[in-house]
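Note sheet for the following structure.
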Amino acid sequence: MSGLGHQAGLLVFLVGLLQVTLGLQTVDEELPPLVTESTEKLLIRDLLTRYEDFGKQGRPVYNYHDTLRVNFSLSLIQILDVDEKNQVLKLNIWYHYIWTDLLLTWDPTLHDNITSVRVPSDKIWLPDIYLYNFADDRLREQREALVVVQHNGELLWMPQAILNSSCSFDTLLFPFDSQKCSLKFGSWTYHGQKVDLDFVAGQSAMDVSDFMPSNEWDLIDNYGARNVKFYTCCPEPYPDLLFTLKIRRRVAFYTFILILPCALLSLLTLVIFWVPPESPAKLQLGMNIFLAFFVLLLLLADYTPRAAASIPLIGAYFCLSMVMITLSTVLACVIANMFFRGVRINRAPRWLRSFIIDGVARLMNVRHTFQESPRDCTTPKKTWSSFVDNQTDQSDPELAFARVNLLDTGGDSRSDIYGGDGSSLGASPARQMARQPCPILEQVSGIREHMDKTRDEKKTKDTTDSNVREWRVIACVVDRLFFIFYVIVNAIGLIAIILRGVFV
């Protein structure tokens, strides 16, 4: 019997295998019922079939005059970018939509007590709530997400989105600035009598419970408001929800690339004014610092809008420093030209000498650096008589003759020896020797001419040097005036920037 049972089992297996091979029986008939026939899937299929019958067009209300209430809110996740140049704020947010759809209702007792299901958002009607100040070249800014449907028809839809909104940035106090940006949401086609828009659960501000802090910006304030506006196109009211964010820039990064180099260059700018105006190092240092400020100005331009209504105060400070450096460099060029090339110049005007040398120079305690010598006083010429008169020995005929000749005033020398009628007045031997050439006379005459020429050259050189010293003192005083002005403006600018950055 056991052998017959074994053969019968083998026969049944072979017959089943033959049926499967010939297609007389499928394997699926021996499998258990599929899970796709669950109550949840059947419910979702029935709901979507009902929607297909009625269509997605039109609001899901019984009466055309009924108002559909849509509650809307936002959850702020991250501040992705603040583009000052393009005036665009980029945010990572979650939408919150809550409304009631009468086509998506059922009795839980008839569907295994199922109270909620998830349906695709592209299969049902969705409110057309859009960002008004949209600044993106993408057609859709949000990701696909399922809609949570309750048995009473209440829907909750929370898709993710990357929003690029237009915002006007004020960079006057950059990098100590605070910005305020608003996001305006509303129905694009339905007015307030068709779709009434309001906040979710009366929460007007954005939800920041899942907010990820930014490395560059701090969230200072967050609030919202509901507005109703009447447009020129339509007489009906259009409600909108306005969400406002106030953010403040973190200055840690900009301290090392803008603030600290600016402070160090400002100290070097003070050093420029301490270098003597005639020194060539003043020109080289001034040009190097000018180029450094220009590089910082280009770096600042990368972080600020090209057509801003107001330039940053730190940019104005850079420009002011460049102007002062330029003026100091020009003044140094003038003094270097006077000092090294020795240009012959006239004396400074009287009003300029009175104001700078006699006035400002005394206040700055630099008047002692210029000692003005008398201009009109002439030094008495020392004649040979001063030497001859001191001699007691008058017996030397050559000395007597030299004395007479050097004291000659240019008249006829014979009048001293002869009378007016040409008769002799009893000339002494010394006078008689004057008629003959004498070597000492020629030497003394040459010495006198050389002394006169040297004295005139020295007087001219003293006058020129005095004029040059006057202009140098004037240039030094003006340079110090620029230094004092730069220090005052620099201090006022820094204090104003710090106070505005702290109290604004």
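Scanning both residues, I257 and L296, for their nearest heavy atoms gives O-CD2, 3.7 Å. S168 and Q179 get closest at one heavy-atom pair: O-OE1, 4.3 Å. Heavy-atom minimum distance, H151 versus I114: CB-O, 4.5 Å. The two residues V149 and W106 have their closest heavy-atom pair at O-CH2, 3.6 Å. Counting all heavy atoms, side chain and backbone alike, S182 lies closest to L242 at CB-CD1, 3.7 Å. In this structure, W99 and L68 approach most closely via the heavy-atom pair CD1-CD2, 4.5 Å.
No side-chain heavy atom of N164 sits under 4.5 Å from any side-chain heavy atom of F134. In this structure, L183 and L131 have side chains that are in contact, with non-hydrogen atoms separated by less than 4.5 Å. A heavy-atom distance below 4.5 Å is not found between the side chains of R143 and P159.
Taking the six-membered ring where tryptophan is involved, the planes of F72 and Y95 are tilted, since the angle between them lies from 30° to 60°.
The aromatic ring centroids of F199 and F243 lie less than 6.0 Å from each other. In this structure, F230 has its ring center no closer than 6.0 Å to that of Y238. For W188 and Y132, the gap between ring centers is short of 6.0 Å.
Within the 3.5 Å criterion, the main-chain N or O of F176 finds no donor-acceptor partner in the side chain of R248. Remark: the backbone N or O of L241 is not paired with any side-chain donor or acceptor of N227 at under 3.5 angstrom. Between the side chain of R59 and the backbone N or O of K194 there is at least one donor-acceptor pair closer than 3.5 Å. Checking side-chain atoms of D177 against main-chain N and O of L173 turns up no donor-acceptor pair under 3.5 Å. Between the W157 side chain and the A145 main chain, a donor and an acceptor come within less than 3.5 Å of each other.
In this structure, CE on M158 lies 9.0 Å from CD1 on I98, to the nearest 0.5 angstrom. Considering CG of L91 and CG of L163, their distance stands at 6.5 Å, rounded to 0.5 Å.
Of the N and O atoms on the side chains of N133 and S165, not one donor lies less than 3.5 Å from an acceptor on the other residue. S121 and E144 form a side-chain donor-acceptor contact under 3.5 Å, judged by distance and modelled atom types alone. Residues T67 and D196 have side chains that never bring a donor and an acceptor to within less than 3.5 angstrom of each other.
Ion pairing between D198 and R69 holds under the 4.0 Å rule for side-chain N and carboxylate O. A salt bridge does not link K41 with D46: none of the charged nitrogens is closer than 4.0 Å to a carboxylate oxygen. Under a 4.0 Å N-O distance rule, the pair R118/E40 does not qualify as a salt bridge.
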*ring pair (Phe, Tyr, Trp, His ring centres under 6.0 Å) assessment of Y130 paired with F185*: CA-CA 5 Å; Y130 294 108; F185 290 89; 9.6 Å; no

_Candidate pair S75 and F211, rule side chain to side chain contact (heavy atoms under 4.5 Å, CB included), full reasoning_ = CA-CA 8 Å; S75 290; F211 176 69; over 6 Å; no

*So K90 and D83, salt bridge (charged side-chain N to carboxylate O under 4.0 Å, His left out) or not? Walk me through it.*
CA-CA 8 Å; K90 189 175 183 180; D83 191 354; over 6 Å; no

